[in-house]
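Below is one structure, written out as C-alpha cells, with a few remarks after it.
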Amino acid sequence: MTAESSFRPPEPTLPPPEGAWVPPGPGVRLITVSASYGAGGSVVAPDLARRLGLPFLQRVTTSEGHTAEPGPCDEQLSEEEARTTPVHRLLAHFTQAMPAGPTQSPPSTHHQDDQLRCHGEAGINRLLAEGGGVILGRAAAVVLGKHRGYHVRLDGPVERRIVQGAAVEGITEERARARIRAADKARTAYVRRLYRTDPADPSLYHLVIDSTAMPLDTVVELILVAARAHSAVPQDATSRS
C-alpha cells in the first residue's frame with residue numbers, strides 16, 4: 001500500500017475583493033525555502049512569490065543567478081544541476097586525478113568550490129540589492145543567517161515524499177523513487193561541501209514543516225501567516241527570546 005498524496009495544486013491567486021480583511025503586519029520582503037525532493041518546494045516557493053508580489057530566484061543551477069517569473073520549476077534534479085553539483089565535481093576530480101598517460105595536475109577542487117559558491121551567492125546578493133524576494137534552495141538560509149529573511153524548511157517521510165513527488169511531476173512512483181535518491185544526495189552534498197552544514201538542521205530555519213501531511217496550498221498559507229508574524233516582532237526582541 002502507498003500513502004495517499006496530499007498534493008493539491010494551489011488555487012489561482014486573485015486580488016482580495018474591495019473591503020476584504022488583509023492580515024496585519026509589515027510586508028514580508030525576503031523568504032527562503034529549503035526543500036527535499038517531493039516536499040513541494042517547486043510549488044510552494046513560486047506561489048509564495050506570486051502571493052507576495054516578489055521576485056522569485058530558483059535553485060542555484062536553474063536561473064544563472066537571475067530572478068524569474070514565478071512559475072513551474074523542478075522537484076527532480078535537472079540535467080544542469082547534476083552537472084554542477086559538488087557530487088559530480090568530486091567524481092570528475094577523482095577521474096582527472098587518476099593517471100592515464102602523461103601525468104597532469106587536476107584542477108583544484110577548492111577553486112571549483114569557490115566558483116560554485118560565488119555562482120550561487122551572486123543571485124542571492126542581487127536579490128538583496130533589489131529589495132528582496134523568495135529564494136528556493138541555494139543554501140540561502142546558511143548564506144543569510146537567522147537575522148536576514150524568514151527561512152523555511154520543507155520535508156517529510158521518504159515514502160510520502162515519493163508519492164507527492166510523483167503527483168507534482170506527473171510521473172510514476174517508481175520514477176519518483178529513483179529521482180528522490182539523486183536529488184536528495186546532490187542537494188545535501190551541495191550544502192555540506194560548500195558550507196560544512198547539514199541542510200536538514202532545524203536550527204537554520206524559523207519554520208520547519210512536514211509538507212506531505214497537508215495540502216500544499218495550506219503550507220503556503222502557514223508560511224505567509226508565520227512570516228508576517230515574524231516581521232511584526234522587533235528583531236531585538238527576537239534575539240533576546
Side-chain angles (χ1 to χ4, degrees), residues 28-42 44-46 48-49 52 54-68 73-75 77-78 80-82 84-90 109-156 161 182-211 219 223 226-227 230-231 235 238-239 241:
V28 178
R29 298 300 306 166
L30 183 63
I31 295 181
T32 74
V33 178
S34 169
S36 53
Y37 176 89
S42 65
V44 170
L48 283 170
L52 293 167
L54 294 174
F56 173 53
L57 188 61
Q58 296 188 21
R59 295 189 189 278
V60 66
T61 56
T62 57
S63 62
E64 293 298 326
H66 298 288
T67 56
C73 50
D74 295 320
E75 284 290 319
L77 196 67
S78 67
E80 185 186 1
E81 197 172 1
T84 54
T85 51
V87 169
H88 175 86
R89 286 177 180 268
L90 182 60
T109 53
H110 178 73
H111 178 68
Q112 291 177 352
D113 288 353
D114 284 345
Q115 283 186 320
L116 187 58
R117 189 183 300 108
C118 289
H119 173 70
E121 293 181 9
I124 295 174
N125 292 330
R126 189 176 294 113
L127 203 69
L128 290 175
E130 293 171 355
V134 176
I135 306 170
L136 176 61
R138 296 176 179 255
V142 182
V143 174
L144 293 168
K146 275 287 191 68
H147 300 296
R148 287 193 295 177
Y150 189 77
H151 309 311
V152 179
R153 171 72 177 177
L154 305 181
D155 212 332
R161 286 196 287 118
D184 283 355
K185 180 179 180 181
R187 289 167 182 160
T188 297
Y190 176 87
V191 182
R192 282 183 170 169
R193 176 162 174 175
L194 298 187
Y195 298 99
R196 305 296 187 265
T197 302
D198 183 354
D201 179 359
S203 69
L204 297 171
Y205 309 100
H206 298 94
L207 181 65
V208 179
I209 302 177
D210 178 353
S211 52
V219 172
I223 295 171
H230 178 263
S231 297
Q235 290 308 298
T238 304
S239 299
S241 64

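These numbers were taken from a predicted model, which means no experiment stands behind them.
In this structure, CZ in Arg117 is found 5.5 Å from CG in Leu194, a value given to the nearest 0.5 Å. Residue Ser203 holds its OG atom at 3.0 Å from CG of Asp201, rounded to the nearest 0.5 Å.
The side chain to side chain contact (heavy atoms under 4.5 Å, CB included) check on Asn125 picks up Glu121, Leu128, with sequence neighbours excluded. Residues that satisfy the salt bridge (Lys or Arg N to Asp or Glu O under 4.0 Å) test with Asp198, not counting sequence neighbours, are Arg192. With sequence neighbours excluded, the residues satisfying side chain to side chain donor-acceptor pair (under 3.5 Å) with Asp155 are Ser36, Arg153, Arg161. Residues passing the side chain to side chain contact (heavy atoms under 4.5 Å, CB included) test with Ala227 are Val28, Ile31, Tyr150, sequence neighbours excluded.
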Check the pair Ile135, Phe56 against side chain to side chain contact (heavy atoms under 4.5 Å, CB included), reporting the backbone distance first and the verdict last. CA-CA 6 Å; Ile135 306 170; Phe56 173 53; over 6 Å; no

Give the intermediate values and the outcome of side chain to side chain contact (heavy atoms under 4.5 Å, CB included) for residues Val33 and Leu154. CA-CA 7 Å; Val33 178; Leu154 305 181; 3.9 Å; yes

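Nearest approach of Gly41 to Pro46, heavy atoms of both residues: O-CD, 3.7 Å. Counting all heavy atoms, side chain and backbone alike, Gly133 lies closest to Leu127 at CA-CD2, 3.7 Å. Closest approach of Pro55 to Gly132, counting heavy atoms only: CD-O, 3.5 Å.
Put simply, the side chain of Ser211 gets close to the backbone of Ala39: a donor and an acceptor are under 3.5 Å apart. A donor-acceptor contact shorter than 3.5 Å links the side chain of Thr197 to the backbone of Tyr195.
Of the candidates Leu144, Leu204, Leu30, Leu144 is the only one forming a side-chain contact (heavy atoms from CB on, under 4.5 Å) with His151.
Residues Thr32 and Val152 form no side-chain contact, since every pair of their non-hydrogen atoms from C-beta on lies 4.5 Å or further apart. Counting heavy atoms from C-beta on, the side chains of Ile223 and Leu48 come closer than 4.5 Å. In this structure the side chain of Tyr205 reaches within 4.5 angstrom of the side chain of Pro199, judged on heavy atoms. Side-chain contact check for Gln58 versus Arg138: every heavy-atom pair is 4.5 Å or farther apart.
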